[in-house]
2 protein chains.
Amino acid sequence: MATGRNHRPATRSRGIPEATVARLPLYLRALTALSERSVPTVSSEELAAAAGVNSAKLRKDFSYLGSYGTRGVGYDVEYLVYQISRELGLTQDWPVAIVGIGNLGAALANYGGFASRGFRVAALIDADPAMAGTPVAGIPVQHADDLDRIISENGVSIGVITTPPGAAQQVCDRLVAAGVTSILNFAPTVLSVPDGVDVRKVDLSIELQILAFHEQRKAGEDTAADSAPDPAAPPVRATTTSRKGPDGDMPAVMPA
Amino acid sequence: MATGRNHRPATRSRGIPEATVARLPLYLRALTALSERSVPTVSSEELAAAAGVNSAKLRKDFSYLGSYGTRGVGYDVEYLVYQISRELGLTQDWPVAIVGIGNLGAALANYGGFASRGFRVAALIDADPAMAGTPVAGIPVQHADDLDRIISENGVSIGVITTPPGAAQQVCDRLVAAGVTSILNFAPTVLSVPDGVDVRKVDLSIELQILAFHEQRKAGEDTAADSAPDPAAPPVRATTTSRKGPDGDMPAVMPA
DNA sequence: TGTTGTGAAGCGGTTCACAGCA
DNA sequence: TGCTGTGAACCGCTTCACAACA
């Protein structure tokens, strides 16, 4: 999901569990940092600490890739960087198109970490004719009318959607029609796509709401064990029936 | 979350599974849309379709909150909007501070969906003195020196980190010291925090790498069953030992 | 009749604990 | 001796299938 996942069922891809795939980039980042410090080998314990996971999980993850460690010693950093990069498909270049060049789209276009590892911003696309030609992050914005051609000519297979929610599904459909088979969606919209197309979503609002849930619980622990009914007036249900809430419940008709 | 989660162990919070909590915002969004269209009731099937999940999962999720439906009829939209909002803690106001007002920080500050539901950008903080006072999205940027005071005065308990990776841990420490107990981290860094502090991370780079993994697999299916060794020269391992890769393996010493 | 609510089965992932090996 | 690799136990989530009931 970032985050939650609008994604294929969690079957294994060539024997590698989805959860493991999601952690490989984490390991890769930690290993890259070690590599830059010219550290030759690393133990599962050390690497796990750097990646923020526990060592048993890391070893299990690596075991799906093959036996790349040396017992009694650890893992060869450079070798592992290469193996994970290869497994993730980062030894090749991935041209990416960003559709919707508002604040967020522009921020992503300018994001440095983007290009650093296998990805390259090949095109910026927006529906506003006034933006056409204007360079953002050194890349000229092209008009959405040419979306199909732009995708084809650049061999784009990964699209990033940063449009307003109302436009997201339509943009998605056009991207898919043009040949895009992986989509990273920043719009707060549930996208429907044909089989064979992967969608991952990043949603700031959802992340905040999850944090708010836990935050509320923390606050509740300080006071009484059960939270008092909320002061805000709740809507009254259409039918007046007894309701069974776990706790902090309220009567069907709320007194003002 | 988005993606992968640097998070507390997946124990249940007041009986509500973490996976369910992560979906509640999705249901809430779909319900809000129905509410705006003045739809009075909705079945689990319909709502599930709108939220992009299956109906059995939705019913199970709702069962953790209580018995809020009516058999043979469905769920009262307004009532459910309120119950989920309350469960997520959105009936109260959450002041949020954004630290690091670069492209991304500014984009988030301008993001409309932010304020719409319970959250309010209470402060923008940056380490660059030149930015101090400059308004972004109508909110003046304040200097990081005053971070502690700003957090306290505004009662901020949720912090958003959009700094460069090198500054993220330090900013995190200062936020936590000032009383922040929930952090949304956009920096590609593993944050370490004391118990009781929640961290969620959003990482564009990780999401893209996961997509690339699957994209590579799709491409591989078209050609031969096993992927040919990558043309790029792999690093040679320090020790020359037989390696056991699942397939597409390469000899310890790669011929040019 | 139509839809919810939920035991129970199934499944994927995590953790444990130790055998295997440099 | 020390660290990896992994079977097995465990755990939480998903899915199934149907009883409960407005």
Side-chain angles (χ1 to χ4, degrees), chain A residues 4-5 7-13 15-24 27 41-49 51-77 79-80 83 237-246 252, chain B residues 4-5 7-13 15-24 27 41-49 51-77 79-80 83 237-246 252:
Chain A
R5 301 286 112 91
H7 207 234
R8 63 178 59 187
T11 42
R12 288 190 186 172
S13 312
I16 302 181
E18 193 58 34
T20 295
V21 172
R23 281 188 295 269
L24 292 181
Y27 302 142
T41 58
V42 66
S43 71
S44 64
E45 202 71 52
E46 294 165 335
L47 183 54
V53 303
N54 82 46
S55 63
K57 194 185 288 186
L58 178 143
R59 288 198 302 279
K60 183 67 103 177
D61 284 342
F62 285 178
S63 77
Y64 294 116
L65 308 183
S67 296
Y68 292 154
T70 307
R71 290 168 206 251
V73 178
Y75 299 92
D76 183 289
V77 171
Y79 188 71
L80 205 44
Q83 289 298 345
R237 285 198 84 238
T239 58
T240 46
T241 325
S242 65
R243 287 288 114 197
K244 179 195 71 181
Chain B
R5 301 288 111 91
H7 206 236
R8 64 177 56 185
T11 43
R12 290 193 187 171
S13 312
I16 303 183
E18 193 58 33
T20 296
V21 173
R23 281 188 295 267
L24 291 181
Y27 302 143
T41 58
V42 66
S43 71
S44 65
E45 202 69 53
E46 293 164 338
L47 184 54
V53 303
N54 81 47
S55 62
K57 194 185 287 183
L58 178 143
R59 288 199 301 277
K60 183 67 106 179
D61 284 341
F62 286 177
S63 78
Y64 294 115
L65 309 183
S67 297
Y68 292 154
T70 306
R71 290 169 205 250
V73 178
Y75 299 92
D76 183 290
V77 171
Y79 187 70
L80 204 46
Q83 290 297 344
R237 286 197 84 238
T239 57
T240 46
T241 326
S242 64
R243 288 287 114 197
K244 180 195 69 182

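Since this is a predicted model, take the numbers as computed values, not measurements. Protein chains get the first letters and strands the later ones, always in sequence-line order, with residue 1 at the start of each.
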Which atom of V42(A) lies closest to which atom of L47(A), heavy atoms considered: CG2-N, 3.7 Å
Nearest-Å distance for atom pair CG/P, residues D61(A) and dT6(D): 13 Å
Within-4.5 Å side-chain heavy-atom neighbours: L65(B) and L24(B): yes
Separation of dT6(D) C1' from Y68(A) OH (nearest whole Å): 17 Å
Nearest to side-chain heavy atoms of A19(A), which nucleotide of dG5(C), dG13(C), dC13(D): dG13(C)
Short side-chain N/O contact to dT14(C) OP1/OP2 from N54(A), under 4.0 Å: no
Whole-Å distance separating the CG atom of D76(B) from the P atom of dT4(C): 13 Å
Polar side-chain atom of S43(B) near backbone of E46(B) as donor-acceptor pair, under 3.5 Å: yes
Listed nucleotide nearest any side-chain atom of P17(B), set dT14(D), dC13(D), dT4(D): dC13(D)
Partner of S44(B) under side-chain contact (heavy atoms from CB on, under 4.5 Å), chosen from N54(B), V53(B), L58(B): L58(B)
dT15(D) OP1/OP2 closer than 4.0 Å to side-chain N/O of K57(B): yes
Integer-rounded Å distance: dG5(D) C1' and L65(A) CG: 13 Å
Whole-Å gap separating C1' (dT6(C)) and CZ (F62(B)): 16 Å
Pairs under 3.5 Å (N/O, protein and nucleotides 17-20 of chain D):
| residue | atom | partner | partner atom | Å |
| --- | --- | --- | --- | --- |
| dA20(D) | N3 | R71(B) | NH1 | 2.8 |

Contact under 4.0 Å: T70(B) side-chain N or O vs dA22(D) OP1/OP2: no
Validation row, ring centre Y68(A) to ring centre Y75(A) under 6.0 Å: no
Whole-Å gap separating P (dT4(C)) and CD (E45(B)): 8 Å
Interatomic distance where CG belongs to L58(A) and P belongs to dT15(C) [whole Å]: 12 Å
Residue-phosphate contact under 4.0 Å: Y75(B) side-chain N/O, dG5(C) OP1/OP2: yes
Flag for D76(B)-T41(B): side-chain donor and acceptor within less than 3.5 Å: no
N/O (side chain, K60(B)) to phosphate O (OP1/OP2, dC13(D)) under 4.0 Å: no
Nearest-Å distance for atom pair CZ/C1', residues R23(A) and dG13(C): 8 Å
Y27(A): partners by ring-ring contact (aromatic ring centres under 6.0 Å, His included), with sequence neighbours left out: F62(A)
